[in-house]
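Heads up, the thing below is written out as structure tokens.
A, B, ... follow the sequence lines: proteins, then strands. Residue 1 opens every chain.
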Amino acid sequence: AQKITQTQPGMFVQEKEAVTLDCTYDTSDQSYGLFWYKQPSSGEMIFLIYQGSYDEQNATEGRYSLNFQKARKSANLVISASQLGDSAMYFCAMREKDYGGSQGNLIFGKGTKLSVKP
Amino acid sequence: NAGVMQNPRHLVRRRGQEARLRCSPMKGHSHVYWYRQLPEEGLKFMVYLQKENIIDESGMPKERFSAEFPKEGPSILRIQQVVRGDSAAYFCASSQGRLPSTDTQYFGPGTRLTVL
């Protein structure tokens, strides 16, 4: 079974509008971390935001926020006031056993391609 | 620039040759991860190393692939006798490895390997 599911292969958003990119995850661990990365057409992977499973507040970083719904096992990324430079692939990732002393690998979803229209 | 460095950025090899990919972690980072990205796919974990130690190689193919992170110098991912299916982007990430583990992995620009 897939551990990270991103159901939207592609999304379009009008410049200056907000957009939500979906991510659901599957784990039996109690402690885990959720990450979002951006991959522009140039290919590098850029860290955007992190949410720990024990964090009570939703994470925010500038125009990025993470809508964390633990019971539903979802960690959607919200980008406010979209800009043309936001056009890229966006990957949701999870690290299990996040607080257990094991700095483990990230498990990635297949990504969502976001296109921002002028 | 104190980011994760990878070289070469692009590498072309013929079938049967060896590919060596290098990764220098961010300053102050002692943990290195290698991932592979096939076209239109997310990244897949290969191996996790600390200095002179392989911590987790569960994602690494059993044959032809090896990785090291020596006491001095960059981490090396080595692919022997490359085949066309090895064509992919290979990313290195590094982290500080501090606890509790809100440890973020920062990625290098990747090496695009093309096998002819």
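- Residue B:F45 is grouped with residue B:V4 when hydrophobic side chains (ILVMFWY) are merged at heavy-atom distances under 4.5 angstrom, including chains of intermediate members.
- For chain A, no part of B:Q6 is nearby; none of its heavy atoms comes within less than 4.5 Å.
- Transitive grouping of hydrophobic side chains (ILVMFWY, heavy atoms separated by less than 4.5 Å) keeps B:F91 and B:V115 in distinct clusters.
- One distance of note links CZ of B:R9 with CD of A:E44; it measures 7.5 Å at 0.5 Å rounding.
- By the 6.0 Å contact criterion, CZ on A:R63 is enclosed, its count of non-hydrogen atoms from other residues, nucleotides or ligands being greater than 12.
- In this structure, B:V32 is a member of the same hydrophobic cluster as B:V47, with clusters built from ILVMFWY side-chain heavy atoms closer than 4.5 Å.
- Atom CD of B:Q37 and atom CZ of A:F108 lie 8.5 Å apart (nearest 0.5 Å).
- Rounding to the nearest 0.5 angstrom, the gap separating the OG1 atom in B:T104 from the CD1 atom in A:I49 is 11.0 Å.
- To the nearest 0.5 Å, the span separating CE on B:M46 from CG on A:N105 amounts to 12.0 Å.
- A:V19 and A:V78 are members of different hydrophobic clusters when ILVMFWY side chains are connected at heavy-atom separations under 4.5 Å.
- Residues B:F65 and B:L43 are members of separate hydrophobic clusters, defined by side-chain heavy-atom contacts under 4.5 angstrom among Ile, Leu, Val, Met, Phe, Trp and Tyr.
- Side chains of B:Y106 and A:F47 form a contact here, defined as non-hydrogen atoms less than 4.5 Å apart.
- Distance check: A:L106 CG to B:Y33 OH gives 7.5 Å after rounding to the nearest 0.5 Å.
- Taking each heavy atom of B:Q105 and A:Y37 in turn, the nearest pair found is O-OH, 2.6 Å.
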